[in-house]
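This structure is a prediction, so every number in the text was calculated from the model and none was measured. Chain letters run A, B, ... following the sequence lines, proteins first, then strands; residues in each count from 1.
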Number of protein chains: 2
Amino acid sequence: MDAEAGKRHATDQEIYEKIWNAIAERQIGPGTRLKEEQLADIFTASRARIRQVLQNLARDGLITLVPNRGAFVSKPSIEEARDVFFARRTIEERLVERLCATIGSAGIERLRQHVDNERKAHQDGDVASAIRLSGAFHMLIAELAQSQILASLLRDLVSRTSLIMAMYQQKDVLNCGPDEHAAIVESITARDARKALAVMHHHLAHIENQLDLESERVVSRDLEDILSL
Amino acid sequence: MDAEAGKRHATDQEIYEKIWNAIAERQIGPGTRLKEEQLADIFTASRARIRQVLQNLARDGLITLVPNRGAFVSKPSIEEARDVFFARRTIEERLVERLCATIGSAGIERLRQHVDNERKAHQDGDVASAIRLSGAFHMLIAELAQSQILASLLRDLVSRTSLIMAMYQQKDVLNCGPDEHAAIVESITARDARKALAVMHHHLAHIENQLDLESERVVSRDLEDILSL
DNA sequence: GATTCAATTATTGTCAACAATTGTTGTCGA
DNA sequence: TCGACAACAATTGTTGACAATAATTGAATC
């Protein structure tokens, strides 16, 4: 009994999440300008709080703050893109390695369930869900590996990856299909750390190799439509 | 011709750095309360900007923001401490591995020079410098490895490590002596990735094993003395 | 017609005052 | 003497207004 009342004031965290999601799910394209007042109107919050949130988003590399100009959704360069994947391999290979040693049956079940959901979204052609779940799979691995820190670091990297994909991915290639995720789960289940590490490496390399340096589409729809959900 | 004039207004970045350093170099102890107005006075800045800086520090885990209560220097639990070291091993092992493949003679020279400086501070009994340089060594490795992202992630982890040491390190054991750092440089110079990784692993494990779960000294001097340098 | 420069407008950066919250102190009663 | 309660003080949270800065428009000149 709090979620009604027309429109309650959103907390900083909620505003952050909304914008974060909108970017990570590629609803707001790279390069889009984010005006403070505009956001303040949308969330019925003061500019000061929006400002705080933007600062945080900038710290995660999702937006870029230009002094006296404002906030723009980041346009990662191809070098930054490769760096993101390097960092992801570093972290995620270690995570699956650890998972093989520590995961319990409940964890395995959660992974399987998740891949099933991914497969379903994929079959239904639900692209938005597919993208979201694909990122969530990697976050689930981090969560199960019980490293709070690496999980939070990876969270940022995954969202940046979405941004990179929005810019550089060839349009006909879908995200990562659920099959590679299934392979990862399989080797974790078998507790084969060597293989799990290799499969994860392959998976991330695969995504990276799909990058296309030419295309650079900009989406940029009206923010109001997206964020006021 | 700008550093005089009584006291120029410090930029946000500078304020952040000053506090960051004060914490990382263990001049401000864990648990110390950071009042906004107090800091505003010290830096002759408005509370709004201090607030912004505190938010950023909180995001890096250096301070903890309690709603309606204020900012406190974080007191990492022993579990968080172990997590930090796990994350550091993950990142730094990968960094030295890469360094073995990519470093040039100029980079090697910088590493050697740095270790020399460390050794000097160590011999002179200059504890403050020793602590600072010890952290800087790890940051130098990150910088030379040319991964912007891992470098910035490691930066946070190093500062958290300082905090952890301030809380849990047995008092007579010094930081990490320069010898282990020298060993790391040596194996990098030899481009022996296997060994470099092992030495780095050992080095971090060594530090972690020195942690003492009992002691929990709180320093907490007067902030004014520290930050107004 | 194109270019430079000035005036305008829109947007961000900064600040100081006000509101809300929390911790504390002092008082009253058992 | 101890505990509960109420007024107080100290600190954070929020807001709105104002100043500084950068983009834009329009006019004048070549």
TODO: Taking only the side-chain heavy atoms of Ser46(A) (C-beta and beyond), determine which of dG13(D), dC15(C), dT15(D) contains the nearest atom.
DONE: dT15(D)
Task: Nucleotide dT14(C), atom P - distance to CZ of Arg51(B) in whole Å - done: 16 Å
Open item on the list: Distance check needed: dT12(D) P versus Ile63(B) CD1, whole Å only.
Closed with: 11 Å
When you compare the protein's N or O atoms with those of nucleotides 20-22 of chain D, which come within less than 3.5 Å of each other, and at what distance?
from	atom 1	to	atom 2	distance (Å)
dT21(D)	O3'	Asn68(A)	ND2	3.1

Open item on the list: Testing the 3.5 Å rule here: is there a donor-acceptor pair between the side chains of Gln13(A) and Thr11(A)?
Closed with: no
Task: Value in whole Å for how far the C1' atom of dT11(D) lies from CD1 of Ile50(B) - done: 15 Å
TODO: Choose from dG13(D), dT15(D), dT12(C) the nucleotide whose nearest atom is closest to any side-chain atom of Arg33(A).
DONE: dT12(C)
Task: Length of the CG-P vector between Leu54(A) and dT11(C), whole Å - done: 15 Å
Open item on the list: From CZ of Arg49(B) over to P of dT12(C), roughly how many Å is that when rounded to an integer?
Closed with: 18 Å
Check: residues 149-156 of chain A side-chain donor-acceptor pairs under 3.5 Å, at least two apart:
from	atom 1	to	atom 2	distance (Å)
Ser152(A)	OG	Ile149(A)	O	3.1

TODO: Calculate the interatomic distance between Arg47(B) atom CZ and dA17(C) atom C1'; express it in whole Å.
DONE: 11 Å
Open item on the list: Just the rounded figure in Å: distance from P of dT12(D) to CZ of Phe72(B).
Closed with: 8 Å
Task: Flag for Ser147(A)-Arg98(A): side-chain donor and acceptor within less than 3.5 Å - done: no
- [ ] Could you tell me how the ring of Phe137(B) sits relative to the ring of His181(B): parallel (under 30°), tilted (30 to 60°) or perpendicular (over 60°)?
- [x] parallel
TODO: Check the distance between dA16(C)'s P and Glu37(B)'s CD and give it to me in whole angstrom.
DONE: 12 Å
TODO: Dump the intermediate steps for salt bridge (charged side-chain N to carboxylate O under 4.0 Å, His left out) on Lys120(B) and Asp126(B), then the final yes or no.
DONE: CA-CA 9 Å; Lys120(B) 191 153 183 298; Asp126(B) 184 352; over 6 Å; no
TODO: State plainly whether the residues Glu143(B) and Arg110(B) are in salt-bridge range, i.e. N to O under 4.0 Å.
DONE: yes
